[in-house]
Protein chains: 2
Amino acid sequence: MTQRRLIPGLKDVARTAGVSMATVSRYLNANLVLPADTAHRIDSAIRQLGYVPNLHARSLSRGRSDTIGLVIPTIANPFFALLAAAVEEAAEAKGLGVLLNATSNNANRELQYVTRMRRNQVSGLLFVSAHYHTPELVEALNDTRGLVLIDEDIPGVRSAKVLYDNYHGGWLAGQHLAEQGHRRIAFIGGPSELASTRDRFAGLRDAAAQAGAEVTFEMYGPYAPSHGEEAARALLSLGRPPSAVFVSSGEIMIGLLDALHRAAIAVPERLSLIVFDDAGPLHLFDPPLTAIRQPIAELGARAVELMLAASQGDPSETEVRLPVELVKRASVAPPISV
Amino acid sequence: MTQRRLIPGLKDVARTAGVSMATVSRYLNANLVLPADTAHRIDSAIRQLGYVPNLHARSLSRGRSDTIGLVIPTIANPFFALLAAAVEEAAEAKGLGVLLNATSNNANRELQYVTRMRRNQVSGLLFVSAHYHTPELVEALNDTRGLVLIDEDIPGVRSAKVLYDNYHGGWLAGQHLAEQGHRRIAFIGGPSELASTRDRFAGLRDAAAQAGAEVTFEMYGPYAPSHGEEAARALLSLGRPPSAVFVSSGEIMIGLLDALHRAAIAVPERLSLIVFDDAGPLHLFDPPLTAIRQPIAELGARAVELMLAASQGDPSETEVRLPVELVKRASVAPPISV
DNA sequence: CTGAAAGCGCTAACAG
DNA sequence: CTGTTAGCGCTTTCAG
């Protein structure tokens with residue numbers, strides 16, 4: 001129990017307006033058209049008292065909260081920041097609030113957040129996690145109503161999913177590189193256990209093969225600049241280095257490009273570069289980066305749509321694959337000795 | 001009322017474990033050390049039933065929610081994304097959740113979100129808004145418990161505030177530019193009604209004046225790339241253009257730099273550039289951008305701290321000014337004709 | 001069309 | 001140390 005409230009409640013409004021709580025409640029929830037006079041009395045009572053409804057009480061009573069959960073690895077990454085913005089906007093348009101949680105790709109936190117959201121406030125959950133997944137997580141996810149997996153698939157989870165066409169992204173990159181005359185290509189991937197990583201690689205490899213080129217170097221690691229730096233180091237120590245590299249994420253690219261600059265490797269003269277993910281002002285980079293662009297706003301919108309459908313009884317396992325596109329800028333050029 | 005719940009509640013757990021609700025509740029809230037046996041029975045009842053506490057009920061009952069509100073203009077901007085990440089982390093460390101709302105600097109939304117958070121879920125509110133403020137907003141803000149204004153001051157609001165030392169940031173920029181030999185400097189600011197904009201300008205102007213330089217061009221506008229583009233256009237059409245420009249935000253800089261590139265204006269050879277705000281990989285830009293860096297993580301941490309203090313009865317009007325620093329890179333060089 | 005009253009699921013006095 | 005019980009503030013059935 002709490003101490004006597006000084007804050008006005010529905011009861012106070014009702015008393016002041018000379019009606020019952022039920023009437024005020026109905027009025028506020030717009031299930032009701034009141035005589036102008038009554039409506040006005042209620043309005044002014046509300047204003048006078050400075051009444052603000054208590055959302056917890058409302059949610060408790062209604063059994064739902066008009067809020068959706070969004071769980072992402074981190075928000076300090078342009079891609080996820082943009083994604084969060086897109087989800088927020090889409091949710092807002094449907095009158096839904098969003099509860100955001102960053103997990104840092106930490107399995108405990110993921111489980112914790114999913115649990116927290118599971119039966120609570122949330123009418124649906126948009127989830128993205130980019131690392132190896134424990135059975136517990138998968139189980140928790142499968143117990144979650146209104147779940148939509150986004151951006152990254154998780155094997156074993158049965159839910160609606162909105163993903164990108166990673167294979168085609170890899171293909172586009174491979175094709176472009178091969179067209180420019182590259183024959184030896186490197187792939188710097190994210191975590192190797194992720195389907196997205198493998199798909200991007202497969203697309204790259206297949207497109208290359210079809211054009212008579214090949215992927216001569218592969219390396220995997222976390223979505224972090226440090227991984228890019230290591231990749232650069234590895235690349236530079238190769239006896240017969242590739243003439244182009246396809247980097248699987250913006251974060252990795254940051255470290256890679258930085259290391260390349262420090263080593264005074266000219267891009268694209270010495271090494272061509274193409275990155276998966278076009279978040280951030282890549283056109284202002286040195287050099288402007290050729291990239292595979294993912295439609296982020298669309299991801300957010302589709303996800304919210306599917307979530308609504310899923311939570312309204314239609315637990316479809318729809319999987320949508322959003323197309324990606326190649327954005328040509330200046331980090332790819334024919335290799336020096338073609 | 002809702003339909004009969006199939007979901008297990010505290011009551012079910014209590015029955016299954018053969019204890020009372022109170023005991024389970026206390027156990028869960030850790031105010032209590034139970035005989036190992038009892039504790040174990042409760043644990044397994046919880047597991048077996050798949051019990052998940054209802055946060056709304058808890059919040060309603062407790063009168064608080066261990067959640068803080070964060071309202072920012074947009075999350076699709078590296079600075080605010082980083083800020084949100086910092087706040088999330090600081091809040092998480094204190095066991096607090098965060099409810100995020102992006103307002104797009106829309107006055108109605110701001111008012112709406114503040115109201116929504118005001119008496120509700122939220123134990124405190126971290127608020128940032130970067131535009132002209134209506135009296136209604138100021139009033140609503142002053143009625144908010146646990147409010148902390150961050151990043152941008154709002155005249156008339158009495159609350160704790162965590163801001164950056166904008167004046168000093170401007171000063172640092174002016175000093176650096178003057179040292180490099182610039183005598184005619186341009187200021188491309190954000191909205192002119194903001195204290196932060198005026199402070200940055202004042203710092204720049206004073207530092208310039210003291211070094212015998214002057215601000216020969218000023219322009220103000222929204223925090224958007226389009227404003228930067230317009231500024232570039234204006235700058236380029238000047239009869240006697242300045243040799244350096246201080247841009248008041250990263251968003252504006254994006255448009256400005258882009259336009260400069262398109263017009264083939266060499267930076268820093270033809271025009272030196274320094275930007276307030278070091279979010280995003282500015283070191284990879286063409287050229288690497290000299291910037292005034294703001295300690296974002298510290299902002300988040302201090303804000304959460306002050307919020308906690310403010311909501312725990314100490315409604316201090318503490319105002320903390322976080323120091324900023326100059327990060328020299330390659331976008332500033334002596335002017336051609338010194 | 002409006003009011004009384006029974007919960008929503010949980011916490012916290014208060015008693016035992 | 002544990003159980004009983006009265007709410008937290010709102011929604012909604014059910015009478016009137």
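This structure is a prediction, so every number in the text was calculated from the model and none was measured. Sequence lines set the chain letters: A, B, ... in the order given, protein chains first and strands last, and positions in each chain run from 1.
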Contact under 4.0 Å: [X] side-chain N or O vs [N] OP1/OP2:
| X | N | answer |
| --- | --- | --- |
| A:Thr23 | C:dG3 | yes |
| B:Ser25 | C:dC10 | no |
| A:Ser61 | D:dC10 | no |
| B:Tyr27 | C:dT11 | no |

Rounded to whole Å, the CG-C1' distance (A:Asn54 to C:dC10) equals 14 Å
Salt bridge (charged side-chain N to carboxylate O under 4.0 Å, His left out) filter on A:Glu92, not counting sequence neighbours, yields none
Would you mind telling me which of [options] lies closest to the side-chain atoms of [X]?
| X | options | answer |
| --- | --- | --- |
| A:Leu60 | C:dC10, C:dC8, D:dT11 | C:dC8 |
| A:Arg26 | D:dC14, D:dG3, C:dC10 | D:dC14 |
| B:Ala57 | C:dC10, D:dC10, D:dT11 | C:dC10 |
| A:Ala22 | D:dT4, C:dA4, C:dC10 | C:dA4 |
| A:Leu10 | D:dC14, D:dC10, C:dA12 | D:dC10 |

- Task: Verify, without hydrogens or angle tests, whether A:Ser104 (side chain) and A:Asn106 (backbone) share a donor-acceptor contact under 3.5 angstrom.
- Result: no
The complete set of salt bridge (charged side-chain N to carboxylate O under 4.0 Å, His left out) pairs with one or both residues in residues 40-51 of chain A, sequence neighbours excluded, reads A:Asp37-A:Arg41
